[in-house]
Amino acid sequence: LDEGYVTAVYRVFKQLYDKGYIYRDFYMVNWDPGSRSAISDLEVENREVEDVLYSIDYPVEGSDRVLTVATVRPETMLADTAVAVNPSDERYADLVGNHCLLPLVGRRLPIIADEHVDVEFGTGALKITPGHDPNDFEIGRRHGLEEISVIGPDGHLTEEAGRFAGLSAAKAQEEVVAALREEGRLRAEEPYTHSVPFSHRSGERIEPLISLQWFCRMDELAQPAIAAVERDEVRIAPGQWKRVYLDWMREIRPWCVSRQLWWGHRIPVWYCDACEETYVAESAPERCASCAGELRQEEDVLDTWFSSAIWPFATLGWPEETPELRAFYPTSFLTTAREILFLWVARMIMTGIEFPGAVPFRDVYVHSVIQARDGRRMSKSLGTGIDPLEEIDVHGADALRFGLLAMSSTQDVRFSDAKVQQGSDLANKLWNASRLILLNTVEVEPAPRPARVEDRWLLSRLERTIASVTGKLETYDFAHAVQEAYAFFWRDLCDWYLEIVKPRLYDGEEDVSATLLYTLERVLALLHPTMPFVTEEIWSFHPARRGHLAVHPFPQVDESLFDEAAEADVEAGIGLTQRLRAWRDLVDVPVGSVLAARVEGVEPPEFVARLSRFQFAPDGGDPVASVGPVRVLPSADLDAEAVAGRLEKRREELRSEVERAERKLANEGFVAKAPAEVVEEERGKLERYRSELDELG
RNA sequence: GGGCGCGUAGCUCAGUGGGAGAGCGCUCGCUUCACACGCGAGAGGUCGCUGGUUCGAAACCAGCCGCGCCCACCA
């Protein structure tokens with residue numbers, strides 16, 4: 001409706017017309033009786049339908065032979081203008097050039113030979129109805145056959161149908177079958193399942209009709225658009241869609257661009273009824289140039305995708321040389337659903353190259369499709385759609401956004417309420433963890449200030465997470481990107497680091513405050529694209545806040561904070577803590593009790609004892625159990641039987657591990673052919689299992 | 001008919017050559033001073049089937065079974 005846009009559409013139509021790409025022709029189109037309009041091939045959807053296949057005898061003129069033909073649309077026989085057989089079919093070779101007599105009508109039908117006919121199907125004889133079947137139309141044009149229309153745009157039979165005129169196609173079918181039966185021409189009726197075109201718009205069965213329409217020839221426009229994708233001037237990801245695009249483009253067919261609808265850009269063509277002149281123009285001519293008569297504008301409108309095809313530049317003011325067009329064209333990135341690849345993306349590329357002279361975008365990402373909860377397509381007509389506003393009411397906008405990203409994949413996935421709930425839980429956790437940090441840190445400039453090994457571990461993990469998330473976003477791997485950010489925040493920061501540093505935090509230590517505020521700032525920025533609302537709100541309380549988080553730079557990786565040694569030490573400490581906790585659980589130690597223990601060898605980080613409720617002392621008698629390097633000392637809280645049972649279970653686990661490693665290393669092929677580091681790793685494992693087994697006694 | 005993809009824990013999905021993973025659900029224990037939308041600990045899988053390649057296969061190859069999508073003019 002925007003005037004500037006209409007100008008652009010008309011300019012495009014006129015230029016394509018002047019180049020000879022746009023033309024008007026009688027042609028077989030997909031007629032949608034529901035919307036009473038032609039529609040394009042791409043708007044047609046094929047569905048399996050159970051029909052009846054009728055076999056009808058067509059007598060051969062001047063002979064007692066008959067040709068039996070098969071059809072699921074017997075009413076269209078009224079428009080038959082030939083019978084075709086395959087040229088290699090010896091059964092009928094002598095009949096080619098003769099005529100059949102069309103039952104009910106009496107028309108003389110030439111018997112022709114055409115490669116299209118399948119010798120194997122039915123009797124190998126095919127009735128030809130150029131007016132109502134796309135194949136027959138092509139065959140008809142090849143052989144110069146008459147094109148008769150017996151079904152009109154309203155789905156009812158025309159005057160051409162003689163005594164059947166005025167009937168609906170369905171009713172006509174019944175009557176034609178009855179008449180054939182009466183004349184003894186109906187040889188067989190059998191159930192037949194086949195795929196049938198339906199209108200994507202109205203849902204009605206397509207009626208192939210010949211009508212006068214506007215077409216756009218696509219092959220010239222397609223060539224540079226094919227080259228652009230071949231040369232990766234437009235990159236299509238995931239890679240398989242590049243080939244799908246190219247395959248389609250290489251076999252592109254003329255595009256029927258006219259529609260008999262009210263909505264749409266009216267085709268910029270004017271007719272003079274007096275002298276039969278036709279004008280194609282960017283704006284309405286006043287009068288006919290030849291006779292000065294009144295002009296009448298074409299009533300058909302353009303396919304909606306015709307105007308959408310020029311969207312990337314028409315919205316920026318093209319054909320005017322606007323500042324917007326100069327600044328923003330070509331654009332960089334388009335994300336889209338795959339069913340739009342042909343309808344829209346391909347056409348934008350073609351018109352972008354043809355008109356402004358440059359591809360409209362550099363990268364196209366074809367995303368996965370979220371299906372309904374039960375795995376069916378989301379669809380308005382099936383009622384399987386999921387209303388995002390309802391989801392937002394229940395879980396929140398951030399939760400839905402997180403959930404959708406977490407669901408996304410290279411394949412189609414079902415909508416998962418659990419993933420949205422996970423997002424909602426994350427928002428809640430972000431809020432609470434931030435509250436802990438913001439209410440307990442002292443006033444200090446946020447900065448990485450590692451004072452202990454756990455600080456170096458956290459900062460190293462933070463930077464590695466930023467690196468990894470960034471890499472995954474760049475390759476459109478959204479699900480893993482958000483899952484990785486989620487795992488760092490929840491596991492590393494909340495479950496471990498915050499629990500480890502609470503005493504230092506409550507003590508008002510500056511180093512840990514600075515490090516935590518720094519980490520929080522980076523985590524908020526990292527998660528902001530995924531959860532914009534809650535991160536922005538938390539940011540408003542952050543002491544480092546300058547302006548909105550939405551315009552805060554996305555975190556850049558600081559590799560100087562990578563620290564492999566700290567990671568190894570802390571992760572070993574975490575592993576030991578988990579084993580100690582599990583051991584306590586399994587031997588039923590009372591929850592609050594602190595057990596005495598002694599450590600053999602290197603002292604683990606301080607937090608291990610605290611988080612597993614142990615007290616490590618240099619001495620204290622004979623141990624009653626071993627957990628890795630930890631020797632648990634006797635205590636009133638320990639049930640001797642449970643401890644012994646647990647010991648035995650651990651021994652069994654270790655024995656089976658030792659056995660597995662030994663078996664592998666005993667395999668000569670493995671030792672000889674596997675890479676040295678893999679063999680070495682296996683030897684290391686075996687050694688560790690054996691020494692722990694020795695410790696247990 | 002052609003093409004693409006999928007079949008892994010109860011559910012939804014990751015994992016593409018060296019000891020089976022996540023979220024949810026389930027079991028047990030915790031009202032521990034950020035969070036019970038939470039914390040800790042667990043159980044649970046002949047990785048669709050059959051062959052093959054390999055020292056080694058959930059992963060690579062072939063065939064089969066089941067499911068989905070796209071394209072296509074067999075009446």
Side-chain angles (χ1 to χ4, degrees), chain A residues 28 41-42 46 53-55 69-73 76 84 116-129 133-139 192 194-195 197 208 240-241 243-244 247-248 251 338-339 341-342 369 371 373 375-377 395 399 403 406-419 421-440 477 479-480 483 486-487 494-495 498-499 502 505-506 577-578 581-586 588 591-592 611-613 657 660-661 664 667-675 677-679 681-682 685:
Chain A
M28 172 75 45
D41 292 342
L42 291 174
N46 290 293
L53 186 64
Y54 298 91
S55 295
V69 298
T71 181
V72 293
R73 300 287 310 275
T76 65
H116 169 78
V117 182
D118 182 353
V119 178
E120 308 287 318
F121 192 93
T123 61
L126 174 63
K127 73 193 238 344
I128 303 299
T129 321
D133 183 279
N135 306 317
D136 295 2
F137 179 79
E138 300 283 347
I139 295 169
Y192 186 66
H194 63 146
S195 81
Q240 71 247 36
W241 297 107
R243 220 174 66 237
V244 172
D247 286 349
W248 186 74
E251 286 180 40
R338 58 177 164 270
E339 68 264 26
L341 198 59
F342 306 144
V369 174
Q371 301 168 328
R373 291 172 178 87
R376 287 189 295 169
R377 273 186 87 75
H395 296 106
M407 276 173 238
S408 73
S409 166
T410 52
Q411 62 167 328
D412 290 354
V413 287
R414 298 177 185 201
F415 186 84
S416 160
D417 297 281
K419 284 286 196 301
Q421 183 58 46
Q422 194 185 346
S424 161
D425 293 348
L426 175 60
N428 184 61
K429 186 91 171 171
L430 266 175
W431 182 261
N432 284 304
S434 300
R435 188 168 63 175
L436 172 70
I437 294 169
L438 294 172
L439 294 181
N440 289 284
D477 186 0
H480 288 114
Q483 277 159 19
Y486 172 95
C494 293
D495 287 353
L498 287 176
E499 294 306 324
K502 267 179 184 173
L505 183 62
Y506 294 146
T577 305
Q578 288 175 315
R581 283 170 173 170
W583 182 85
R584 289 180 64 110
D585 235 43
L586 286 162
D588 270 328
V591 173
L611 297 184
S612 57
R613 293 185 179 276
E657 292 292 353
R660 189 196 56 78
K664 201 161 182 179
N667 181 339
E668 284 173 29
F670 175 71
V671 179
K673 296 188 181 175
E677 62 268 25
V678 174
V679 177
E681 198 183 328
E682 204 57 37
K685 285 179 198 166

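These numbers were taken from a predicted model, which means no experiment stands behind them. In what follows, every chain begins at residue 1, and chains take the letters A, B, ... in the order their sequences are listed.
- Computed from coordinates, the A/Glu682 CD to B/rG18 P distance equals 13 Å when rounded to whole Å.
- Across all strands shown, B/rC69 pairs with B/rG3; the Watson-Crick or G-U wobble distances both stay below 3.5 Å.
- Regarding A/Glu681, its CD atom lies at a distance of 14 Å from the C1' atom of B/rG56, rounded to whole Å.
- Rounded to an integer number of Å, the gap from CG of A/Asp477 to P of B/rU16 is 11 Å.
- Applying side chain to side chain contact (heavy atoms under 4.5 Å, CB included) to A/Asp425 and the options A/Gln422, A/Lys429, A/Gln421 leaves one that passes, A/Gln421.
- Rounded to whole Å, atom P of B/rU53 lies 13 Å from atom NZ of A/Lys673.
- Across all strands, A/Arg660 comes closer than 4.0 Å to base atoms (heavy-atom distances).
- Using a distance-only test at 3.5 Å, with no hydrogens or angles considered, a donor-acceptor pair links the side chain of A/Arg584 to the main chain of A/Arg613.
- Within the nucleic acid shown, A/Val678 comes within 4.0 Å of at least one base atom, counting heavy atoms only.
- Taking atom CZ of A/Arg584 as the reference point, atom P of B/rA41 lies 12 Å away to the nearest angstrom.
- When the nearest nucleotides of RNA chain B are assigned to A/Ser408 and A/Arg243 by heavy-atom distance, the more 5′-ward of the two goes with A/Arg243.
- When Watson-Crick and G-U wobble pairs are counted only if both distances are under 3.5 Å, B/rC39 pairs with B/rG29.
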**Asked** For every nucleotide of nucleotides 24-35 of chain B, 5' to 3': is a protein heavy atom under 4.0 Å from its base (B), only from its sugar-phosphate (S), or from neither (-)?
**Response** -----S----BB

**Request:** Quick one, give me the B/S/- string for nucleotides 66-75 of chain B, reading 5' to 3', where B means a protein heavy atom under 4.0 Å from the base and S means that only happens at the primed atoms, P, OP1 or OP2.
**Result:** -------BBB

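- Rounded to an integer number of Å, the gap from A/Glu668 CD to B/rU54 P is 18 Å.
- With a cut-off of 3.5 Å on both Watson-Crick or G-U wobble distances, the partner of B/rC64 is given as B/rG48.
- Using the six-membered ring where Trp is involved, A/Phe342 and A/Trp248 have ring planes that are parallel, under 30° apart on the 30 and 60° scheme.
- Comparing A/Gln240 and A/Pro675, the nucleotide of RNA chain B nearest to each residue sits closer to the 5' end for A/Gln240.
- The partner of B/rG23 is B/rC11, judged by Watson-Crick or G-U wobble contacts that both fall below 3.5 Å.
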